[in-house]
Each structure stands twice: as structure tokens, then as C-alpha cells.
Amino acid sequence: MTVLGKLFRFLALPVVAGVVVGLAVLWWYQQGPGADDVARQGAPTVDSYSSAVSVAAPAVVNIYTTQIVSTGSSLSDDPLFNRFMERPRRERALASLGSGVIVSSTGGYVLTSYHVIRDADEILVSLRDGRDAPARVVGTDPETDLALLQISLEHLPEIKLNGPKPVRVGDVVLAIGNPLGVGQTVSMGIVSATGRSHLGIATFENFIQTDAAINRGNSGGALIDTRGHLIGINTAILSSNGTWQGIGFATPASIASEVMADLIAHGHVIRGYLGVTVQDITPGLADTFGMDQVMGGVVTEVVADSPAQKAGLQAGDGLVGINDESMAGGHEAMNRIAGMQPGTKITLNVLRNRQQLELPVTVGTRPPAKQ
């Protein structure tokens, strides 16, 4: 074999291999990254949430309420006026709408927002399958803006509460309800924040914030995850004009479940109670108390004859911990105490005149909220 032939055989294999690799790379760039590459990079590949909706939507109901109100001049209530002139009292019905979630098929229990059924004389629950039934109020909890209804129908669908998977900021969520009375509607968004408080919506606030569209009529409806599990009860929106502006709030399913259990067992929610009002400590107050960090709350009111007063707690004290566990602010302190069983013995970590105190106290029972 000539020298030229040997050289050709030596170079042929690398040249062919290079051409093949080059063509493959060129094809890959023309096609772009495939689905497998996108999945490996962590980008979502789901293009439909119909499975989650089909699981949850049948258990989301429309709630129609009617309130009977009297009309006429206030003079008609004056006995002296009625002696000279008879004026018939007229009544008219005010109707409103909202949403709810069937959480027990056997018990017929429906969770909704308290403000949806507040002052209602009649409540009608309408299912997606066309059935409807009058509902009775099992119990209400204005302090979390939740209410539990019961209907008598067979073969009810029910929604599953969220499992052990925690709700995380950035999770995709779906809101299901009856906005503006147009019928059952699904909107999509993400979890914008968790643990929202200081909103003035309820006494005990620990809301999930979402940008899924929520409008009037959505209250009491379901906020679900992409598996169709209930993660919250849609409660309210933050808006300057009453319409959706991308900020909605839902009560976590874990809180709703606890409230429901108490309402079924007792007709009301049982909470711990100290008899204090606590506000967040500000940077200025932290300096006054001699604190290195801005944390805990300042006691602004102590109810007479309450467990707090009997323990020696005073207005102006800094409440910085419970059982040596610190807390971020006054709101957390109130929630933590409310979550304790009455009769529980605890120690309050208090700052007074820059001195650390430990006050033992027995948790009482919180009085029922005014309806």
C-alpha cells in the first residue's frame, strides 16, 4: 500500500466521526431543547390542570342566602303615632351569593365563609350536578370568618384536604367558586405569600395570599393545589375599588379543619384565653425595653379578673416568649395562646423596666365572639 493510501486510511475514521458529531449538534440547535432537557432544568411541563379540577370541582357549591328585612318609616314603631295612623309594615327579601365546599359526603358538611351566611334567614346550597337543598347552620366562627353548614342529600361528592405537603410560595393554585353569579368558574395563580396577618379581616389571621382571580361570590369557595386537594377557603380580596386586583386571601385548610371539628363537636370553637391585647413591638419600644432584636409584643390591655391579671401581667409589659420560646410579634402570641387547650399551665417570658420576669399562668377559655 502506498504512503498516500495509508494516510487516507488513518484520517478517514476521525473525519467521518467529526462530520457525524457536527451534524448531530447542528440538528440539536435547530430543534431546540427537548421536553426531557426542559424537565431536567426544572421548568414545568404541565399544560393542563383539568385532572385537578375534575377531582375538586364537583364538591364546590353555590350558596344563595336570603335575608328578610322590614321596610317603612321608623315612625311606624312609635305607639303614639300608631294610635292615630295605621301603617302596615312591609317586608322584602335581600338575596346574596357565595360559594362553599363539601368536606364530608356522609355528614353532608359544607365549609364556607361566615360573612357569606351572616344574618341569613334562608340558605340554599346548589351543587354542580343540578341538585340543591336547604342548609342548616351547624356553627359559626366569626374570629376566623368560617361557618359550617349541613345539607341532607345522598351520594355527595367531597373534597380532600391537603396532605402532608406544605404550601409553598410559588406553588400553582386554582380558585373555584361562583364569582359575580356567572356560575362555577376556575381561575389559576400561584401562592404569593403565606402567614399573612394584620389585614383586619378576622381576629385570628394566618392567610394564604394568591393572585388567582377572586371576586364577589368566590368567598367560601375552594383554593386547591394541582392534585385537586383543598389547601384553603377563599375569604377576601385586597382592593381599592372592590374588584380583583391580584391580591386574594384564603384561610388555610388546616385551620378550617380544626374549626370544623370544634363546630361539629361543640357548636362553637374552643380556644385558649389569657385576657390580654398584644401589639407588635416597634424598634422604638425595643430600645425602651433594652432589647437587641425587634421581636415579641407589648401588652396594651389586661382584662379584669382574667388569667393574665391573676398571673400579674400588666399593661406596658413586653411579652417576648412563652415557655422560653420566642415569637416574632404580638399577632403570633395571640394565635399561639388561642391554639392552647384551656387549663394548660404555661410560663410567660416578660420584660418590665428592663428586667426579665417569668410569670406562671393557667390558660383560660376564650369567651364566644359576638355574632
Side-chain angles (χ1 to χ4, degrees), residues 56 59-61 63 98-104 109-118 137-149 158-169 171 173-179 187 189-225 228-239 244 246-264 268-271 331-332 334-339 366 369 371:
V60 181
V61 301
I63 295 179
S99 303
V101 183
I102 302 174
V103 289
S104 171
Y109 292 116
V110 179
L111 272 172
T112 187
S113 295
Y114 167 66
H115 72 265
V116 168
I117 56 91
R118 182 178 53 214
V137 178
V138 177
T140 63
D141 184 37
E143 295 192 301
T144 55
D145 193 24
L146 289 170
L148 185 66
L149 311 177
E158 70 176 35
I159 197 166
K160 294 181 179 179
L161 296 179
N162 189 39
K165 182 181 177 181
V167 177
R168 304 169 302 175
V169 175
D171 283 351
V173 290
L174 308 170
I176 309 178
N178 180 22
S187 58
I190 64 169
V191 174
S192 305
T194 58
R196 285 294 193 215
S197 60
H198 300 88
L199 302 172
I201 298 172
T203 304
F204 300 104
E205 298 180 336
N206 185 22
F207 291 113
I208 300 168
Q209 181 182 328
T210 179
D211 65 349
I214 297 174
N215 287 287
R216 184 172 57 85
N218 270 114
S219 292
L223 188 70
I224 67 171
D225 62 18
H229 292 176
L230 183 72
I231 65 170
I233 300 294
N234 296 324
T235 305
I237 60 174
L238 186 63
S239 172
W244 177 72
I247 302 178
F249 302 101
T251 301
S254 57
I255 294 177
S257 179
E258 294 172 358
V259 168
M260 179 179 69
D262 270 2
L263 293 179
I264 292 174
H268 62 277
V269 178
I270 296 176
R271 291 189 172 94
H331 190 81
E332 181 182 341
M334 299 293 288
N335 282 343
R336 194 181 299 182
I337 293 166
R366 184 175 179 84
Q371 301 282 324

Heavy-atom nearest pair, Pro142 first then Ala202, reads O-CB, 4.4 Å
Tell me the closest heavy-atom pair linking Gly217 and Ser99, and the distance in Å. O-OG, 2.6 Å
Walk me through it: do Ser187 and Ile214 pass the test side chain to side chain contact (heavy atoms under 4.5 Å, CB included)? CA-CA 8 Å; Ser187 58; Ile214 297 174; 5.5 Å; no
Worked verdict on Phe249 versus Ile237 for side chain to side chain contact (heavy atoms under 4.5 Å, CB included): CA-CA 6 Å; Phe249 302 101; Ile237 60 174; 6.0 Å; no
With rounding to the nearest 0.5 Å, note down the distance linking CD1 in Ile337 to CD in Glu332. 10.5 Å
Can you find a pair of side-chain heavy atoms, one from Val138 and one from Leu149, that are under 4.5 Å apart? no
In Å, rounded to the nearest 0.5 Å, how long is the span from CG of Asn206 to OG1 of Thr194? 7.5 Å
Single hit among Asp211, Leu223, Val167 for side chain to side chain contact (heavy atoms under 4.5 Å, CB included) with Val173: Leu223
Go through the steps to decide whether Leu148 and Leu111 satisfy the test side chain to side chain contact (heavy atoms under 4.5 Å, CB included), and finish with yes or no. CA-CA 5 Å; Leu148 185 66; Leu111 272 172; 4.0 Å; yes
Test log, rule side chain to side chain contact (heavy atoms under 4.5 Å, CB included), inputs Glu205 and Asp145: CA-CA 10 Å; Glu205 298 180 336; Asp145 193 24; over 6 Å; no
Measure from the side-chain N and O atoms of Thr140 to the backbone N and O of Ala147, and report whether any donor-acceptor pair falls under 3.5 Å. no
Correct closest heavy-atom pair for Ile201 and Ala236 would be CD1-CB, 3.8 Å
Can a donor-acceptor pair be found, under 3.5 Å and without considering hydrogens, that links the side chain of Thr210 to the backbone of Ser192? no
In terms of heavy-atom contacts, Ile233 and Ala256 come closest through CG1-CB, 4.2 Å
Please round to the nearest 0.5 Å and tell me the distance separating atom CD of Glu158 and atom CD1 of Ile102. 9.0 Å
Kindly say whether Gly220 contributes a backbone atom to a donor-acceptor pair with the side chain of Ser113 at under 3.5 angstrom? yes
Just so I know, are the side chains of Asp171 and Asp225 near enough to count as touching, which here means a heavy-atom distance under 4.5 Å? no
Less than 4.5 Å apart, side chain to side chain, heavy atoms only: is that true for Arg366 and Thr203? yes
Distance, nearest 0.5 Å, that separates CD1 of Ile208 from CZ of Arg196: 12.5 Å
Under the side-chain contact (heavy atoms from CB on, under 4.5 Å) rule, collect the residues that match up with Ile159, sequence neighbours excluded. Ala56, Ala59, Val101, Val103, Ala222, Ile224, Leu230
For Thr251 and Thr235, which I'm curious about, is there any donor-acceptor pair between the side chains at under 3.5 Å? yes
Separation of Thr144 OG1 from Phe207 CZ (nearest 0.5 Å): 8.5 Å
Between NE2 of His115 and CG of Leu146, what distance do you get to the nearest 0.5 Å? 10.5 Å
Are Ile264 and Asp262 close enough that some pair of their side-chain heavy atoms sits under 4.5 Å apart? no
Hey, are Asp141 and Arg271 close enough for a salt bridge, meaning a charged N less than 4.0 Å from a carboxylate O? yes
